[in-house]
Protein chains: 2
Amino acid sequence: MASSTVENYLKHLLLAEEGAAGGLVPMGALAGALAVVPGTVTTMVKALADDGLVEHRPRHGVRLTAEGRRVALNVLRKHRLVETFLVKVLKMDWAEVHVEAEQLEHALSDNVLDRLDALLGRPETDPHGDPIPSAQGRLSAEVHATLASCATGRPLRVVRVTEQSKEFLHFVDASGLAPGATVRVTERNLAAGLVTVKKSAGRPLALSLTAAGKILVAPARG
Amino acid sequence: MASSTVENYLKHLLLAEEGAAGGLVPMGALAGALAVVPGTVTTMVKALADDGLVEHRPRHGVRLTAEGRRVALNVLRKHRLVETFLVKVLKMDWAEVHVEAEQLEHALSDNVLDRLDALLGRPETDPHGDPIPSAQGRLSAEVHATLASCATGRPLRVVRVTEQSKEFLHFVDASGLAPGATVRVTERNLAAGLVTVKKSAGRPLALSLTAAGKILVAPARG
DNA sequence: CAAGGTATTTTGATAGCTCAAAATGAGTTT
DNA sequence: AAACTCATTTTGAGCTATCAAAATACCTTG
């Protein structure tokens with residue numbers, strides 16, 4: 001069994017690979033994600049490479065092997081299903097479940113996982129709209145537009161929020177921008193780095209481009 | 001935060017104290033329960049004593065301090081509530097939940113614990129009939145008779161099964177002796193080390209005294 | 001091309017938990 | 001009392017995961 005440390009390295013590597021050029025993740029990026037110093041990552045990555053879980057290109061970066069990816073997807077599946085359970089069944093605040101799932105994902109057996117999945121009706125996304133890897137290790141790679149990239153006018157449905165911090169999620173919730181909400185971009189001011197959005201029944205709301213970029217959307221009523 | 005190793009030491013110490021003469025648990029007993037060598041226990045217990053979680057009487061044994069007991073009860077509460085959840089909500093086999101709970105008990109926050117408790121309707125016992133410590137750390141100390149100690153004839157209700165092994169629990173289940181069942185002791189043969197029991201609608205069943213001693217009962221319709 | 005800057009790797013240590021095996025203590029047994 | 005037995009403790013070592021800080025490699029800039 002992979003220790004929870006190993007599981008965390010692989011999970012963060014998987015997350016970092018999405019959108020990393022060439023799939024090679026720099027050691028520093030991984031160190032940052034795991035909140036450890038770079039030297040520690042070098043040491044651990046070499047051990048993971050010995051176990052065939054990652055491929056290490058010295059001084060360039062690291063990437064998952066097929067086997068490492070398999071393990072990482074299973075951990076991510078646990079994480080997202082646990083989050084879904086905590087929100088749907090235990091009625092917890094979606095801003096709090098990330099930290100809880102961070103612990104539970106390493107303690108859940110595949111057996112319990114599958115029963116949880118069945119209880120929840122085999123959901124495809126978690127409360128943040130993040131896709132849940134299937135038991136077979138398939139991860140939806142749908143690409144979405146963001147509130148920062150959309151033209152003004154058209155109605156949009158929020159489908160995903162790609163940031164786990166409590167503060168940001170509370171803000172999104174309070175602004176009525178959680179997944180499922182319908183909004184319209186009313187104004188984009190790239191120079192000022194601002195976009196303004198409006199819910200059908202609400203006052204306009206200004207967002208930084210950075211914040212808006214974390215809110216993924218799809219055309220509404222498609 | 002106590003590491004899961006520390007939590008395990010304290011939990012097993014709590015379990016071992018029940019029924020230990022003078023409340024002092026010999027180092028060897030703890031070593032056996034934790035499946036580590038005695039030297040390891042000596043080392044760890046000294047560290048726990050430094051942290052004020054246990055009291056170590058060298059060459060005699062160890063016992064929980066008030067603080068250690070508080071932590072241990074919280075872990076035991078998590079363990080038993082998780083077991084209850086796994087059986088009641090996820091419909092898992094009661095013979096399998098012990099090992100699962102062994103992992104999950106260390107990953108569950110107090111917050112999640114309380115919501116789980118509420119979801120389950122604040123149960124007082126787990127699926128094996130073991131009492132669940134309250135959030136305030138109160139543990140029911142009810143003493144029960146066992147199938148090995150009861151006189152023949154009177155109707156008895158199984159209230160608790162004090163053994164976690166898969167094999168034993170499967171046997172108990174298959175024999176219809178799970179908590180809630182009603183039985184009668186029909187014969188006791190101390191010389192042969194056997195008791196025979198009978199369910200209202202069933203054939204007689206022979207049990208060793210050892211096995212019968214693990215099945216706790218109360219007078220039926222009392 | 002030499003000089004700098006930055007990411008990465010190496011080195012030396014440490015904390016937590018464990019084992020094997022030798023040493024010790026304490027209570028019998030003879 | 002001397003010898004024996006058994007639990008406990010001590011000693012020396014190893015593994016995993018971490019850090020701080022020095023060394024190294026690579027890329028860019030002057």
Looking only at heavy atoms, what is the nearest atom pair of B/His144 and B/Ala218, with distance?
ND1-CB, 4.5 Å
Of all the heavy-atom pairs spanning B/Pro133 and B/Leu139, show the shortest one and how long it is.
CG-CD1, 3.8 Å
Measuring only between side-chain heavy atoms, which start at C-beta, is [X] closer than 4.5 Å to [Y]?
| X | Y | answer |
| --- | --- | --- |
| A/Glu102 | A/Gln164 | no |
| B/Leu177 | B/Leu207 | yes |
| A/Pro38 | A/Met27 | no |

Using only heavy-atom distances, determine whether the side chains of B/Glu163 and B/Ser165 contain a donor-acceptor pair under 3.5 Å.
yes
Once each nucleotide of nucleotides 2-17 of chain C is scored for protein heavy atoms under 4.0 Å, what B/S/- sequence comes out, 5' to 3'?
------BBB------S
Determine whether a donor-acceptor pair (N or O, by modelled atom type, separation under 3.5 Å) exists between the side chain of B/Arg63 and the backbone of B/Glu17.
no
Where do B/Asp93 and B/His170 land on the side chain to side chain donor-acceptor pair (under 3.5 Å) test, with the steps shown first?
CA-CA 9 Å; B/Asp93 183 343; B/His170 273 146; 2.8 Å; yes
Please produce a list of atom pairs where a protein N or O lies less than 3.5 Å from an N or O of nucleotides 3-6 of chain D.
none

Rounded distance in Å - CG (B/Leu48) to C1' (C/dT18):
14 Å
Between P of D/dA17 and NE2 of A/His106, the distance in whole Å:
12 Å
